[in-house]
Amino acid sequence: MKVVSPKYCRTAARLAKLLERQLAGRRYLILTDETVSDCCLTHLGDFMSEFPPLDIVEVDSGEACKQYDVVVELWKHLLELNITRVDVIICVGGGSITDLGGFIASTYKRGIPFMYIPTTLLAMTDAAIGGKNGIDFQDVKNAIGTINQPEAILIHKPFLQALPEVQFQSGMAEVIKHGVIQGGQLWQRLKAESSSKSDITDDVLKMSIKTKIAIVGKDLYEKDLRKVLNFGHSIGHALESWFLSKETPLEHGFSVAIGMLIESSLAAEMGLLNHADLLEIRSVIIAYLGIDTLSIPNWNEVRPFLMNDKKFSGGRMLFALPMGIGKVAPSVIVEEALVEWVYSKAVI
Ligand SMILES: NC(=O)c1ccc[n+]([C@@H]2O[C@H](COP(=O)([O-])OP(=O)(O)OC[C@H]3O[C@@H](n4cnc5c(N)ncnc54)[C@H](O)[C@@H]3O)[C@@H](O)[C@H]2O)c1
């Protein structure tokens, strides 16, 4: 399966043109969430009035839509509309919508075509790329899902104008992760541009996307290299799941950013990351996300969520850890006692 690279659309007219070409007269349905429907669908207004969708399906905004009961309702709805394998689902939204929509399309009738139009920074640079989709189950993040490629990914940066600051910061966490993995120009630009917090330049956006594509292009099924993208995610997902279980969700990017701070400290503690690089990673994360104190649960509360991670067994855990700027090791074995010690030091 080939990884799909996004196409960039500077204007709504260009977006419409690419959609028209991609759909080529086929029936399509839009899956979106209530917020995106209000603030982003206008960008598709002209296109939709000329080529009306079969339906616009709105689900609850945010992580709340990545649930089994939502999936069941959507499967039922697709059957009622008699959606077949020649029709297309267009997922317009953030990572929650691309994860949900990609999963629905991949499972309904053994898979029907789907496209992504990401509207958050996080979805543009990360969630829409690489084919992973899925839903949460029993308080476990992304417990059920598939790896499958959309037909097309269309990036229209003007969607970001409506994005709240907190969602922008959340997206920057994955861009920073790409910067640590890639190093070079992306990292230099991130360091230099940290004062213009609420905007991202086209160059940085494209470099971040390119980093993800280069990695998943070489290892789509996460046999080895793709694991570097898990930097910050082992601790991050456990925290995100814990906050979800308390019904006080923490944005994905903030969870990952805290995960990157703790996992970088772990790498430094193990002698893998030098102090100067540790400080650089910390200062970039703090500059963009403003995290200075970490109000996180204690180790005993978060440990059960970490145990759900498929990389945890026999008192040891596999982490993707930074060994420098531009160098992340995909699978480092760490003793649980050390993880607990470093994690506990981070709790205030
Ligand atoms: N599949 C993958 O490879 C992958 C990678 C990273 C993250 N993810 C998943 O992505 C999800 C997080 O995605 P997200 O951060 O995009 O959040 P999200 O999709 O939950 O959206 C966050 C909020 O922003 C709103 N929103 C979206 N676009 C907007 C816009 N342009 N203007 C104003 N509001 C807008 C949404 O309605 C929602 O309320 C998580 O579930 C995470 O697990 C998946």
Side-chain angles (χ1 to χ4, degrees), residues 4 6-7 9 11-120 123-124 127-129 131-135 144-156 158-159 162:
V4 172
K7 295 191 173 85
C9 323
T11 60
R14 173 84 182 138
L15 183 60
K17 192 94 212 135
L18 289 179
L19 274 172
E20 191 187 330
R21 212 179 284 160
Q22 188 72 31
L23 289 169
R26 291 180 291 170
R27 299 194 311 171
Y28 73 97
L29 175 145
I30 288 189
L31 174 69
T32 189
D33 72 35
E34 290 163 339
T35 313
V36 174
S37 178
D38 284 347
C39 66
C40 297
L41 283 195
T42 45
H43 294 249
L44 300 176
D46 289 348
F47 172 76
M48 288 195 299
S49 41
E50 201 165 336
F51 304 97
L54 208 54
D55 197 5
I56 299 176
V57 181
E58 284 175 24
V59 295
D60 288 345
S61 300
E63 193 73 21
C65 72
K66 283 176 60 176
Q67 289 299 324
Y68 180 65
D69 53 345
V70 178
V71 171
V72 172
E73 284 309 309
L74 288 172
W75 279 332
K76 279 190 207 161
H77 193 56
L78 295 182
L79 281 175
E80 282 158 11
L81 290 174
N82 193 26
I83 297 289
T84 71
R85 291 170 72 175
V86 294
D87 303 320
V88 186
I89 299 181
I90 304 184
C91 310
V92 186
S96 300
I97 287 296
T98 55
D99 271 10
L100 172 74
F103 179 68
I104 299 279
S106 300
T107 47
Y108 175 79
K109 297 205 171 172
R110 298 197 185 93
I112 63 169
F114 59 106
M115 288 169 51
Y116 288 156
I117 304 184
T119 61
T120 62
M124 289 179 190
I129 296 159
K132 282 189 183 177
N133 59 57
I135 55 164
I144 317 285
T146 78
I147 295 185
N148 192 13
Q149 294 294 318
E151 259 191 20
I153 304 162
L154 304 181
I155 308 270
H156 181 55
F159 283 133

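None of the values given here were measured: they were computed from a predicted structure.
Here the side chain of Asp87 pairs a donor or acceptor atom with the backbone of Thr84 at under 3.5 angstrom. In terms of modelled atom types and a separation under 3.5 Å, the side chain of Ser61 and the main chain of Thr35 share a donor-acceptor contact. Judged by distance alone, the side chain of Gln149 and the main-chain N or O of Val4 form a donor-acceptor pair under 3.5 Å. Remark: side-chain polar atoms of Tyr116 are paired, donor with acceptor, to backbone N or O of Thr98 under 3.5 angstrom.
Note that CG of Asp99 is 4.0 Å distant from NZ of Lys66, once rounded to the nearest 0.5 Å. To the nearest 0.5 angstrom, Leu41 atom CG is 6.0 Å from Leu44 atom CG. Taken to the nearest 0.5 Å, the CG atom of Asn133 stands 11.5 Å off from the CD1 atom of Ile144. Between the CG atom in Asp33 and the SG atom in Cys39 there is a gap of 8.0 Å [rounded to 0.5 Å]. Atom CZ of Phe114 is separated from atom CG of Leu29 by 14.0 Å, given to the nearest 0.5 angstrom. The line from CG of Leu19 to SG of Cys9 is 7.5 Å long, rounded to the nearest 0.5 Å.
Using a 4.5 Å heavy-atom threshold, the side chains of Leu31 and Leu74 count as touching. The shortest distance between side-chain heavy atoms of Gln67 and Asp60 does not fall below 4.5 Å. Between Ile112 and Ile104 the shortest side-chain heavy-atom distance does not fall below 4.5 Å. Put simply, the side chain of Leu54 reaches to within 4.5 Å of the side chain of Ile83, judged on heavy atoms. Looking at Met48 and Tyr28, their side chains come closer than 4.5 Å, going by heavy atoms from C-beta outward. In this structure the side chain of Asp46 never reaches within 4.5 angstrom of the side chain of Glu50, judged on heavy atoms.
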Determine, stepwise, if the pair Ile97 / Val92 fulfils side chain to side chain contact (heavy atoms under 4.5 Å, CB included). CA-CA 7 Å; Ile97 287 296; Val92 186; 5.8 Å; no

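Here the closest heavy-atom approach between residue Phe103 and residue Ile135 is recorded as CD2-CG2, 4.1 Å. Nearest heavy-atom pair, Val36 versus Gly93, reported as atom, atom and distance to 0.1 Å: CG2-CA, 4.0 Å. Across all their heavy atoms, Cys65 and Val59 have their closest contact at CB-CG2, 3.6 Å. Residues Pro118 and Leu154 share a closest heavy-atom pair of CD-O, 3.3 Å. Scanning all heavy atoms of the two residues, the minimum distance from Arg26 to Gln22 falls at NH2-O, 3.0 Å. Contact detail for Ile129 and Pro6: the closest heavy-atom pair is CD1-CG, 4.3 Å.
For NZ of Lys109, the number of neighbouring non-hydrogen atoms (other residues, nucleotides, ligands) closer than 6.0 Å is greater than 12. For Asp38, the CG atom counts as densely surrounded, since its 6.0 Å shell holds more than 12 non-hydrogen atoms of other residues, nucleotides or ligands.
Between His156 and His43, the two ring planes are perpendicular [angle over 60°; tilted spans 30° to 60°].
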